[in-house]
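Each remark here refers to the structure printed beneath this line.
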Amino acid sequence: MYVVRPVETADIAALESLAAVSMPGVHTLPKTREKIEQAVEGSIASFAAHVDIPSEESYMFVMESLADKKIVGTAAIHASAGSNGTYFSFRNDVIQQVSRDLNISHSVHALTLCSELTAYSQLSGFYVDAAVAQRPEAALLSRSRLLYAVQAPHRFGDRFFVPLAGLTDENGGSPFWDALGRKFFKMDFLDAERVIGGARNRTLIVELMPHYPVYVPLLPGDAQAVMGQIHPSGELAFNLLTSEGFEADEYIDIFDGGPILQAHKHTLRTFTASMPRRVAAASGTPASDAVATYAVSTGPDQRFRAVTINCAPLESSETVCLPKQVQDVLGVSEGDTVTCVRI
Amino acid sequence: MYVVRPVETADIAALESLAAVSMPGVHTLPKTREKIEQAVEGSIASFAAHVDIPSEESYMFVMESLADKKIVGTAAIHASAGSNGTYFSFRNDVIQQVSRDLNISHSVHALTLCSELTAYSQLSGFYVDAAVAQRPEAALLSRSRLLYAVQAPHRFGDRFFVPLAGLTDENGGSPFWDALGRKFFKMDFLDAERVIGGARNRTLIVELMPHYPVYVPLLPGDAQAVMGQIHPSGELAFNLLTSEGFEADEYIDIFDGGPILQAHKHTLRTFTASMPRRVAAASGTPASDAVATYAVSTGPDQRFRAVTINCAPLESSETVCLPKQVQDVLGVSEGDTVTCVRI
Amino acid sequence: MLVVRAIKASDLDGLFNLASQVGTGMTTLKPDMKMMGDRLAIAVASFNETIPPEERDYMFVMEDTATGRLAGVCAIKGAVGLTEPFYNYRIGTLVHSSRELNVFTRMDTLYLSNDLTGCSELCSLFLHPDYRQGNNGKLLSKSRFLFIAQFPHLFEQKIIAEMRGYQAQDGSSPFYEGLGRYFFKMDFHHVDDLTALGKKSFIAELMPRQPLYVDYLPQDAREAIGKVHQATVPARRLLEQEGMHYEGYVDIFDAGPVLQARVSELRAMRDSELAVVERDTDTAHACALHTSEPYLVSNTVMQDFRMILTDASPSNGNIDLSKEEQALLHCHSGETVRTLSLNVRKNQNV
Amino acid sequence: MLVVRAIKASDLDGLFNLASQVGTGMTTLKPDMKMMGDRLAIAVASFNETIPPEERDYMFVMEDTATGRLAGVCAIKGAVGLTEPFYNYRIGTLVHSSRELNVFTRMDTLYLSNDLTGCSELCSLFLHPDYRQGNNGKLLSKSRFLFIAQFPHLFEQKIIAEMRGYQAQDGSSPFYEGLGRYFFKMDFHHVDDLTALGKKSFIAELMPRQPLYVDYLPQDAREAIGKVHQATVPARRLLEQEGMHYEGYVDIFDAGPVLQARVSELRAMRDSELAVVERDTDTAHACALHTSEPYLVSNTVMQDFRMILTDASPSNGNIDLSKEEQALLHCHSGETVRTLSLNVRKNQNV
């Protein structure tokens, strides 16, 4: 059994060993001990904070295997992407080209540097151990961030987005970067990501990045080919997010051209389909009519916990039957209310 | 009792007298006998056309008072706004202005000439007699265009928009035009509208209109004040459309700054809440439990008819009871299926 | 003997024959009787000053007086872009710099502009292949500057000349292939013909409006910016000697450079001198200054403006012209002519 | 007697006293010992040629030799915008025209640009009020052109000078109030101070990037474009006489004009002449050409460049300078000096 919970100071060592696993792109984990400590402390402070307007809070979750107390995954969500500046992305624009005189009509794609994702809440840092990747708990981990947002909507924006790492070559080079960012930054993709620390809200972006639309037909073929394409390592996250209701296509990352998924909360399944249910007792083994898998979560804040259960459909039921062990993990008792959403 | 139906050649004289009623703006009726004839013939041809891809078709509806055979309203819908060029509008953009050095953060509004509404279906030409304006039939007339689109989705786009006349002064001048269009067109608002015939898809727009964003703070106060404001004559249409699910704010008209309402069909009540129901017999007088008003329509195409009825809620019923007179007006009999949507 | 002179209505046939030799690449000089006749009428009206200065089109022909044959043509337009928009790309600079990263990037940028609207224009220069020798090309090209120096009030503050752009060996335009083709979706020559016909609204409709970084273009397109067609290199050099400079404006299709100058800073404006024609006597010839430096000389009469090349030099406000030269210029001793050394003299003080 | 000369390390105190008189509106000459000392060190290194030409900052002071007092200062920078972006608005033209409607609209447009990156710059001109009389202002301003004519290889192809922009009676800038204030949300003088301190990243962050039609601005802001501060009118005229022109570049805050020129087309480049100093004898004085035309004269030594105004005129490659003048210039008879008439001579041939 696995539980998703807010990160704690005691997790730092485990996170450090996870970080040693090499991963591409920058939207993943902090890599150094110091950065990890900062992230964990920031998360603990965020869960504890009283929030009026979503700002610099960043919430980090870990998934723990209860059998061996091992951390097998992490996921994070930032309250407001632009809290510390402006979040920059490229918007995919389509320009209609029509000449009646010449009877020409076609459309031209253009990328426009924009700050529209500023003040959205940003999901990031999703990582699960390969052993868990094919299990419903992968979805639980990804979704736990939104389950928390359902519980604490005042801590987040109405819209959410997730940048996913774009396609790079075997040497870590990015054809999209080579066609665009490199011309302005005069440095390699990985150097640029290192120096900017994966951020997309820094003054140096507005200083260095192009302010006028980039006409896509003018980009080299290999750069066009990777626009909106995900790095293979991001496939799991991409699939989980699109089935959640996130949409790609409108924005791409300014550095590597990777897709940025985004959605209004009204179109996300965790928001539209989550159900409050009263906890009832259940036997320790799943009933024979257990045809559905649910994410079940509780809170508030630091006491946030989420697990998966298999049970009969809850749509027409007022209660959810949880075995004692699950109740203990969630920290709830019979009669308490939990949030359930089908995975 | 009132019925909405496709316009017919016999209606031309009636339309001519309607056109004599003075109305502001350009999104209303054709004014001359010749233009009216063209519009009616175009509509008849459109209803009769076999359509693969929505194009230059334009469908015109009239509302007839059955008591005195008088035409008391008209409404139209164009299959594709850009079928004959590119439909231009101003998009409301918000630019985030952040300087961390100076600790400045504010946003600036800008209007960008865009062609994003091209290929949307466009509602226009809505007019009802003052006597009917306060009755549910006003909503019926406005909605009949969408009821037809529900019946014949292949004839329309997935998105719809409606430009509404903007605020003008007592002399027909437009403060928005004076601040923008006049500088490029070198003529009065009404002259410009006359010469362009209310169109927003002409080559001369791309030749004359500004290609770079207009920073709103630089516009004079009176022009800023009327941006997105409707002419009083458009209030009824505005209220009907917003309660249907249309949204303002994202686009405004390039000439007078009036609002352009737009929506994806999935967010329009006529699409999401319309119900097919089998026709059953009913007594001529409404039942005592007639707590709801419905628009009821049938088709196909030239045989499209729509009326309002009062009856008990239809949500949990498989049939709709229609008095004989109503069945006759719609051209249906018991057992036929009609489309119903609550007004 | 060759004389460059104001065109006359009777030159239409000669002009047509000349234009038939031009070939492609010169949109303003096509062998089309109707177009040519219209233009000639405007030129005659220009010299007669019956139309306003900004509508004028002063055409000059080079005549071989031995045969009466027209050997070349050139023109000056009073102003461009006042009835149809006159488009160029302007090359600007944008600096992207971050102190934090210690990055300083200087980028060339293309702006679609109508900045040259209202400038006067040198155009339509063509010398028949039979006459491409000696100083004939210089005489024909530079003669226009004498006219401007004589009548500067007829011209705008700035004067320009569009130069044919660079083409690859196969006749294609690397700049067009790297940029225009994506927006116009047709061949370069087709686009060029359309603009020659004055059909320009498609430019407003199809051309990208936003500034473009030159670095987005392929290498060969970048290199073509401001570079002239191989055959145009000498013509460019002649204009540059007269004080015209490439200031970053190029053709929107082939990126050929526009040369430009303030009229007041043209060499002809600063250095040309008025001189009185000396009596044609042996004494005058004997006392005349002898240099190996050829001079351009023109009369000062608008309607019958004529220019020749001479070996005589002005001295103390006089110039010794032979009877033949005086006849070519339609002037007589005692009258004033304008003189300019054909070649630029080196400044000894720099 | 007044001499304009290359600055020396020992001039720091005098320079500070001078700068204390400047007042607001001149961001490059503030009475700040640290800033001034740094700049002076660069100036000294510039004349000694120990730093690359594009980093140089040639400062000149006008010294009253009677008292040793510094009466004025001026400078030439080797290049601008190579470490911090150099921003301007460029005024361009866009034509909106429709044949169908017979509408032809010509609009001025503001483009945010760094086009002048890398140009040489004339700057920091200040003449103490006590010395604002006679030809002193001309001597101080124009002396720089003699330096450029003597050492043109040290400068970029183009040279510019930023002129202080127009202000209303109450000291406000109509252009800033009509445009910049909406984006910067602070007072004009605050913005001006920030840029003087080299803090320019806020410009990249806050300035609108898109081309702006001038017609969007209020009338008084439009009228201020390219117009100098009332006190700067004479300084502008002097530079224009030397061949500098307003070519549509203005300051992004107050829209003051930038004057510019190709170095090769400056009057000093074309018209200044080298001359050999004649022996200081009565015969030389007696034969010297006498004109009422004052001349600028400089020596030709980089490290100790010195300029004066004289009544003597060059004639046939010689110039008759008095003992005192030779002493001011640190030169002797038989040595070469550079001369330029203080005022522009009218061209008789136009």
Side-chain angles (χ1 to χ4, degrees), chain A residues 85 91 93-114 176-188 191-197 199 201-224 254, chain C residues 84 89-90 92-112 174-187 190-195 197-222:
Chain A
R91 190 180 61 221
D93 285 333
V94 176
I95 301 167
Q96 298 293 332
Q97 301 267 98
V98 177
S99 168
R100 236 185 294 182
D101 272 15
L102 305 187
N103 200 19
I104 287 178
S105 172
H106 63 272
S107 51
V108 173
H109 280 258
L111 303 175
T112 306
L113 188 69
C114 80
F176 187 80
W177 173 263
D178 289 343
L180 264 178
R182 172 189 292 282
K183 296 182 190 299
F184 300 91
F185 277 71
K186 307 253 167 138
M187 55 179 83
D188 287 344
D191 291 338
E193 283 289 31
R194 211 166 289 137
V195 82
I196 205 171
N201 64 347
R202 300 269 297 275
T203 297
L204 62 90
I205 292 176
V206 82
E207 287 174 329
L208 294 180
M209 272 300 198
H211 304 110
Y212 302 107
V214 180
Y215 295 95
V216 172
L218 300 181
L219 294 176
D222 58 348
Q224 291 188 40
I254 54 174
Chain C
E84 280 289 334
Y89 270 127
R90 192 184 69 81
T93 300
L94 286 175
V95 169
H96 289 253
S97 120
S98 165
R99 251 193 207 193
E100 192 184 339
L101 293 195
N102 196 25
V103 171
F104 188 93
T105 306
R106 187 172 166 174
M107 305 278 266
D108 281 346
T109 315
L110 297 171
Y111 295 89
L112 188 66
F175 184 78
Y176 184 79
E177 297 304 321
L179 177 56
R181 178 174 288 282
Y182 296 111
F183 298 92
F184 294 115
K185 309 257 175 185
M186 61 180 98
D187 280 349
H190 187 195
V191 157
D192 220 30
D193 287 348
L194 285 168
T195 49
L197 295 172
K199 290 196 175 171
K200 291 191 174 180
S201 67
F202 79 97
I203 298 174
E205 290 172 318
L206 299 180
M207 208 66 180
R209 292 295 173 157
Q210 295 285 341
L212 273 179
Y213 292 98
V214 169
D215 263 18
Y216 291 162
L217 302 179
Q219 184 68 20
D220 60 346
R222 292 207 288 268

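By convention in this document, chain letters (A, B, ...) are assigned in the order of the sequence lines, proteins followed by strands, and residues within each chain are numbered from 1.
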Tell me the closest heavy-atom pair linking [X] and [Y], and the distance in Å.
X       : Y       : result
P211(C) : Y212(A) : O-CB, 3.4 Å
M187(A) : V103(C) : CE-CG2, 3.9 Å
K183(A) : M107(C) : O-SD, 3.9 Å
L204(A) : S98(C)  : CB-OG, 3.6 Å
F183(C) : H106(A) : O-CE1, 3.2 Å

Can you confirm whether [X] sits close enough to [Y] that some side-chain heavy atom of one is under 4.5 Å from a side-chain heavy atom of the other?
X       : Y       : value
F104(C) : K186(A) : no
Y182(C) : V108(A) : no
F185(A) : L101(C) : yes
H96(C)  : H211(A) : yes
V214(A) : Y213(C) : no

Between the CD atom in E100(C) and the CD atom in E207(A), the distance rounded to the nearest 0.5 Å is 7.5 Å
Okay, L94(C) and chain A: the region with an atom under 4.5 Å from a heavy atom over there is side chain
| request: Could you check F184(A) against D215(C) for side-chain contact (heavy atoms from CB on, under 4.5 Å), going step by step and ending with a plain yes or no? | output: CA-CA 10 Å; F184(A) 300 91; D215(C) 263 18; over 6 Å; no
When the 4.5 angstrom heavy-atom criterion is applied to L219(A) and chain C, the contacting part is neither
